[in-house]
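Written out below as structure tokens is the structure these notes cover.
Lettering of chains follows the sequences in order, A, B, ..., and the numbering in each one begins at 1.
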Amino acid sequence: MTADRMPEKPTLDGIDRKWAGAWESQGTYSFDRSATRDQVFSIDTPPPTVSGSLHVGHVFSYTHTDCIARYQRMNGKKVFYPMGWDDNGLPTERRVQNYFGVRCDPSLPYDPNFTPPAEPGKDQIPVSRRNFVELCEQLTIEDEKAFEDLWRRLGVSVDWKMTYQTIDAKARAISQRAFLRNLGRNEAYQTEAPTLWDVTFRTAVAQAELEDRERPGAYHRIGFKKPDGTPLYIETTRPELIPAVVALVANPEDDRYQLLFGTTVTSPIFGVEVPVVAHHLADPEKGSGIAMICTFGDVTDVTWWRELQLPTRPIIGWDGRILSEIPSWIETENGKAAYAALAGLTAHSAKEKIAELLRESGDLVGELKQITHPVKFFEKGDKPLEIVTTRQWYIRNGGRDQDLREKLVDRGRNITWHPDHMKVRYQNWVEGLNGDWLISRQRFFGVPIPVWYALDGEGNPIWDQVLTPKDEVLPIDPSTDVPTGYEEAQRGKPNGFIGDPDVMDTWATSSLTPQIAGGWSVDEDLWKRVFPFDVRPQAHEIIRTWLFSTVVRAHFEEDCLPWKHAAISGWILDPDRKKMSKSKGNVVTPLDLLDEHGSDGVRYWAASGRPGTDTAFDVGQMKIGRRLATKILNASKFTLMQGSAPASAISNPLDKALLAALAEVVDESTKAFEQFNYTKALEVAETFFWAFCDDHLEIVKDRAYGLQGDADSASAKATLNVALVVLLKLFAPFLPFVTEEVWSWFKDGSIHTSSWPTSSELRGGDAGLNQITAEVISQLRKVKSEAKVSMKAEISKAVITAPSDVISQIKLVAADLRAAGRVITEFEYAEGASPISIEIELAPTSD
RNA sequence: GGUCGAUUGGCGCAGUUGGUUAGCGCGCUUCCUUGACAUGGAAGAGGUCACAGGUUCGAGUCCUGUAUCGACCACCA
């Protein structure tokens with residue numbers, strides 16, 4: 001072992017870029033696709049949303065995965081570690097609109113010569129869907145470059161030849177193919193039904209995309225008229241929906257309303273007669289115990305409407321405003337006039353207006369009771385969701401089918417979760433589903449739903465006459481492509497066809513990341529080498545979306561789990577223990593961090609966050625990581641400066657003891673990695689390493705210098721060499737840059753493709769001796785520290801008291817201990833009880 | 001409302017199947033201008049493990065309850 005490439009003055013400066021470049025040019029992380037499935041470790045990498053900004057959270061969780069990947073690679077696996085970009089979906093649309101100053105109008109024809117203005121203008125330019133998608137692709141490429149640069153700099157060991165975009169042609173084809181196969185097996189279907197609707201984006205949203213937000217509201221106490229003319233009071237937070245009322249409902253057990261069930265009452269102002277009905281979901285404790293059912297105010301209304309078979313009286317349009325046409329069920333002149341006053345208003349304004357009208361008519365009584373209550377929002381939206389009736393596509397997910405639900409819950413049980421308790425989130429979610437997965441979105445930048453509908457003689461769609469494309473023409477866009485047997489001229493014409501205008505939910509495509517990355521249906525050779533994947537790393541807040549939907553798709557298509565393990569990472573919290581978020585302005589730019597602390601330093605911090613545990617953003621940890629990297633550099637330099645000796649020269653008991661202790665560390669680290677516990681793996685290596693530097697390096701210095709003879713010197717050198725190689729390998733998954741730097745001083749090839757250490761070659765010594773040695777040296781130091789003298793002060797006499805077996809062990813390493821402690825006489829021994837105690841006389845100083 | 005997790009020295013965290021004086025890092029105190037490293041090294045102070053019960057020869061480590069924090073799910077007239 002020679003280290004002639006070792007620099008005079010080792011430094012961390014510049015090693016990040018140096019090695020990132022070298023790994024790329026040498027293809028260090030290339031996937032070997034000749035490997036068979038059992039030789040492969042495959043990772044279903046989360047494709048980050050590229051329209052978002054780079055975030056320390058990304059650095060955090062991707063480092064975790066990378067540590068696992070690097071361990072597996074060194075442990076002999078061919079690591080399949082692709083990278084994808086999630087550029088499909090609403091966030092990209094919004095960015096493109098603002099960036100280029102355009103908006104998508106699907107009714108426009110494609111303009112191949114369109115170029116966006118240099119500066120976005122005041123008014124957005126309408127463009128065709130295809131033009132819009134092209135702009136999305138153009139912009140996301142820039143974003144993806146920035147992400148890739150960050151990952152390379154961070155040392156994420158993906159194979160950059162294998163990247164995909166969730167909007168690229170391959171992903172679109174796979175997404176459409178999977179959908180069509182779901183359709184063919186009746187796992188996908190369309191239906192017209194009340195749907196949660198975002199009025200800003202004018203699209204349906206799925207249950208998985210909902211979130212509750214606390215909003216102020218007010219109970220309005222409003223009188224309906226009983227047949228005898230006396231009022232029946234209900235309380236509602238949505239008086240603007242009174243024109244949409246179809247019934248009043250109370251609990252069948254509620255004594256107050258027994259006599260009213262089966263009778264009718266009349267709505268105030270609008271004079272519409274509605275029945276009073278009973279249903280167990282009505283809560284006697286809420287409001288006045290009797291509620292109005294409207295079509296539709298909330299999801300409970302939908303349940304009542306469905307189960308009680310009530311009529312449909314929608315008054316809210318897709319834009320969230322009160323429909324302008326006066327509904328047929330409002331027959332009185334007063335009612336029509338009142339409705340006209342509301343028509344066209346937003347729900348918010350209509351609420352104020354109708355409150356005025358009701359106050360004037362005397363039907364609104366008492367003070368408004370202000371409350372805050374949770375309201376459903378689209379997670380990306382900023383207005384409350386409405387419920388409107390629309391035709392949508394669904395994929396079955398157990399929300400309406402107990403049998404399927406149980407099968408999917410069972411799938412979740414068979415995933416090995418890290419940490420284990422995350423499986424409960426999956427179960428909670430699947431067991432709480434109340435409908436199938438709504439996958440159609442009334443948006444543009446996404447994978448089009450690949451179907452057309454035949455039109456009847458009057459040009460109306462025949463919904464159950466779905467026209468599907470042949471597999472080999474995928475991907476298609478039904479707004480520009482033509483179904484077999486038709487011509488473009490027949491689009492929209494009687495007896496012609498019409499394309500489905502919608503796109504699929506972004507999760508309908510990202511639920512197929514194993515298929516997209518693994519080459520399902522396009523590269524079957526690759527597919528059989530990587531699927532099912534070994535691990536899905538991801539964040540816990542998307543268990544209900546990404547993780548669950550991926551399980552659903554694999555269940556249908558492959559009848560198995562998409563992966564064996566789910567490694568769930570936590571969140572980054574700012575120092576106040578609040579979740580870090582962009583809106584709070586506390587986000588730190590990852591590249592700045594890497595510049596300041598080095599990639600290894602930042603990775604060290606990330607690796608200290610345990611799987612599934614939220615972790616504070618802490619530059620202190622990064623500094624410690626950088627200090628560790630510096631220490632590795634210096635300790636390695638020192639070790640290599642001692643020169644080399646063959647491993648056969650290892651004969652000294654202390655040397656063998658050190659390696660025996662190291663063997664235990666190797667075993668612990670390996671075991672931890674096998675359990676995805678990278679934090680523990682780092683911790684055991686780090687603890688040993690500092691002890692190695694502080695004790696062993698100090699203790700064997702004299703011996704390595706040859707002061708105790710050639711044989712002992714060679715033993716010391718050989719031991720240091722072996723230990724160094726093992727330690728560098730143990731750190732390599734965490735600190736890939738500094739370990740590679742040191743490796744390059746004395747080894748050929750990359751440490752990252754070298755083999756993971758095994759403990760068997762290190763065994764043979766007595767690890768306990770290492771411990772005893774450390775205790776004795778610590779005692780010698782303590783005396784000097786308490787005497788406030790230098791560590792090189794000489795000791796003229798030392799009497800060691802310990803049990804006899806310990807004494808005999810100490811005798812084995814006495815020469816090293818005396819040299820390290822500068823004890824100028826032989827030790828004296830006295831038999832005694834544990835622990836070891838030492839009495840010392842310091843040699844007089846000659847000052 | 002249901003569920004899951006957390007509660008250990010000033011701060012951030014470990015504590016594996018219950019077993020001698022509860023560990024680590026940061027910070028703090030004192031000391032060492034040692035020839036790999038001052039982006040260093042040595043020694044030291046500081047917790048009885050949220051609270052109340054229980055099981056046990058023995059509990060931070062198992063059980064029950066309470067409190068606080070967080071998350072997920074649900075409710076949302």
Side-chain angles (χ1 to χ4, degrees), chain A residues 9-12 212 214-215 217 219-220 222 234-239 241 248-250 281-283 285-294 297-301 304 371-376 419-434 540-541 543-544 570-571 573 575 577-579 601 608-610 612-616 618 620-621 623-624 626-642 668 671-672 675 677 679-680 683 686-687 690 693-694 697-698 701 777-793 822 834-835:
Chain A
K9 179 84 179 147
T11 175
L12 297 176
D212 288 350
E214 285 292 331
R215 279 303 161 104
Y219 278 129
H220 297 64
I222 290 163
I234 59 121
E235 291 190 4
T236 179
T237 56
R238 298 204 62 183
L241 291 177
L248 300 189
V249 65
L281 279 181
D283 183 352
E285 303 298 316
K286 277 187 188 151
S288 56
I290 188 163
M292 67 174 185
I293 304 174
C294 306
D298 62 32
V299 291
T300 318
D301 281 343
W304 282 325
I371 57 163
T372 59
H373 61 157
V375 178
K376 284 195 195 310
D420 185 62
H421 68 256
M422 287 293 173
K423 76 166 54 155
V424 176
R425 306 233 177 150
Y426 176 96
Q427 278 169 15
N428 263 344
W429 174 252
V430 180
E431 284 163 3
L433 286 171
N434 53 32
H540 54 65
E541 77 269 25
I543 288 174
R544 68 177 185 174
W571 277 330
L573 307 176
R577 311 294 303 166
K578 293 283 189 291
K579 186 188 173 187
S608 69
R610 310 184 84 78
T613 308
D614 296 345
T615 300
D618 184 0
Q621 282 294 313
K623 288 181 176 149
I624 295 163
R626 190 165 176 87
R627 195 183 65 168
L628 174 62
T630 303
K631 189 76 173 178
I632 288 172
L633 219 48
N634 286 313
S636 299
K637 177 187 162 199
F638 173 73
T639 300
L640 292 169
M641 270 169 28
Q642 306 310 312
E668 279 186 70
K671 183 179 162 198
Q675 296 169 347
N677 192 347
T679 304
K680 176 84 172 174
E683 194 178 288
E686 189 184 5
T687 302
W690 285 104
C693 291
D694 295 346
L697 285 185
E698 294 298 328
K701 259 181 192 171
I777 197 74
S778 171
Q779 296 267 353
L780 296 174
R781 284 171 178 157
K782 182 173 177 178
V783 171
K784 293 181 187 178
S785 184
E786 282 170 355
K788 300 191 176 182
V789 298
S790 156
M791 286 299 139
K792 72 176 181 184
R822 309 223 176 224
S834 208

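As judged by a 4.0 angstrom heavy-atom cut-off over every strand, A/Arg626 is placed among residues making no nucleic acid contact. As judged by a 4.0 angstrom heavy-atom cut-off over every strand, A/Ala282 is placed among the base-contacting residues. The residue A/Val375 sits close to a base: some heavy atom pair falls under 4.0 Å. Within 4.0 Å (heavy atoms only), A/Asp618 reaches no atom of the nucleic acid at all. Looking at heavy-atom distances under 4.0 Å, A/Ile624 makes contact with sugar-phosphate atoms alone, never a base. Residue A/Lys631 is in base contact, counting any heavy-atom pair closer than 4.0 Å across all strands shown. Contacts of A/Thr630 with the nucleic acid, taken as non-hydrogen atoms under 4.0 Å apart, include base atoms. A/Asp301 comes within 4.0 angstrom of no nucleic acid atom, judged by non-hydrogen atoms across all strands. Using a 4.0 Å heavy-atom distance criterion, A/Leu281 is classed as a base contact. Within 4.0 Å of A/Lys623, counting heavy atoms only, lies no atom of the nucleic acid at all. The residue A/Ser778 sits close only to the backbone: its heavy atoms come under 4.0 Å of sugar-phosphate atoms, none of a base.
The listed nucleotides are B/C4, B/A42, B/U34; the one nearest the side chain of A/Ser790 is B/U34. Considering only the side chain of A/Glu683, B/A14 comes nearest among B/C31, B/A14, B/A42. When distances are taken from the side chain of A/Met791 to each of B/C31, B/A42, B/A14, the shortest belongs to B/A42. The side chain of A/Ala635 approaches B/A36 more closely than any other nucleotide in the set B/A36, B/A42, B/C13. Among the nucleotides B/C73, B/G44, B/U30, the one closest to the side chain of A/Lys782 is B/G44. Distance from the side chain of A/Glu698 is smallest to B/C37 among B/A71, B/C13, B/C37.
Put simply, A/Lys671 has no side-chain N or O that comes within less than 4.0 Å of OP1 or OP2 on B/U16. Contact annotation: A/Lys701 side-chain N/O to B/A36 OP1/OP2 distance is under 4.0 Å. Under 4.0 angstrom from either OP1 or OP2 of B/G44 there lies no side-chain N or O belonging to A/Arg781. Taking side-chain N and O atoms only, A/Arg627 has a distance below 4.0 Å to OP1 or OP2 of B/C26. Dashed line: the shortest gap from a side-chain N or O of A/Arg544 to OP1 or OP2 of B/C72 is not under 4.0 Å. Considering only side-chain N and O atoms, A/Lys784 lies nowhere under 4.0 angstrom from the phosphate OP1 or OP2 of B/U34. For the pair A/Thr687 and B/C24, the criterion of a side-chain N or O lying under 4.0 Å from OP1 or OP2 is not met. Distances shown here put every side-chain N or O of A/Lys637 at or beyond 4.0 Å from the OP1 or OP2 atom of B/C37.
Taking for each of A/Asn677 and A/Ser636 the nucleotide of RNA chain B with the nearest heavy atom, the 5'-most of the two is the partner of A/Asn677. Where A/Ser608 and A/Leu697 each meet RNA chain B at their nearest nucleotide, the meeting point lying more 5' is that of A/Ser608.
Annotation: B/C63 and B/G70 have their P atoms spaced 25 Å apart (nearest Å). B/U61 and B/A45 have their C1' atoms separated by 28 Å, given to the nearest Å. Spacing between B/U48 and B/A43 at atom P, rounded to whole Å, works out to 25 Å. The same atom, C1', is picked in B/U64 and in B/U56; the two are 16 Å apart, to the nearest Å. Between the P atoms of B/U30 and B/G35, the separation comes to 24 Å (whole Å).
Across all their heavy atoms, A/Thr615 and A/Arg610 have their closest contact at OG1-N, 4.4 Å. When all heavy atoms are compared, the tightest approach of A/Ala250 to A/Ala282 is C-CB, 3.4 Å. Between A/Leu633 and A/Pro10, the shortest heavy-atom distance links the atoms CG-CB, 3.6 Å.
Counting heavy atoms from C-beta on, the side chains of A/Thr237 and A/Tyr219 come closer than 4.5 Å. Between A/Ser785 and A/Met791 there is a side-chain heavy-atom pair separated by less than 4.5 Å. The side-chain heavy atoms of A/Ile543 and A/Trp429, taken from C-beta on, include no pair separated by under 4.5 Å.
In this structure, A/Lys784 contributes its side chain and A/Ala793 its backbone to a donor-acceptor pair below 3.5 Å.
For B/C4, its base never sits under 3.5 Å from the side chain of A/Asn428 at any donor and acceptor pair.
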> Can you give the dot-bracket line for RNA chain B, using ( ) for pairs inside the strand, [ ] for pairs that cross earlier ones, | for pairs with another strand and . for unpaired bases, where Watson-Crick and G-U count if both distances are under 3.5 Å?
Replying inline: (((((((..((((.....[...)))).(((((.......))))).....(((((..]....))))))))))))....
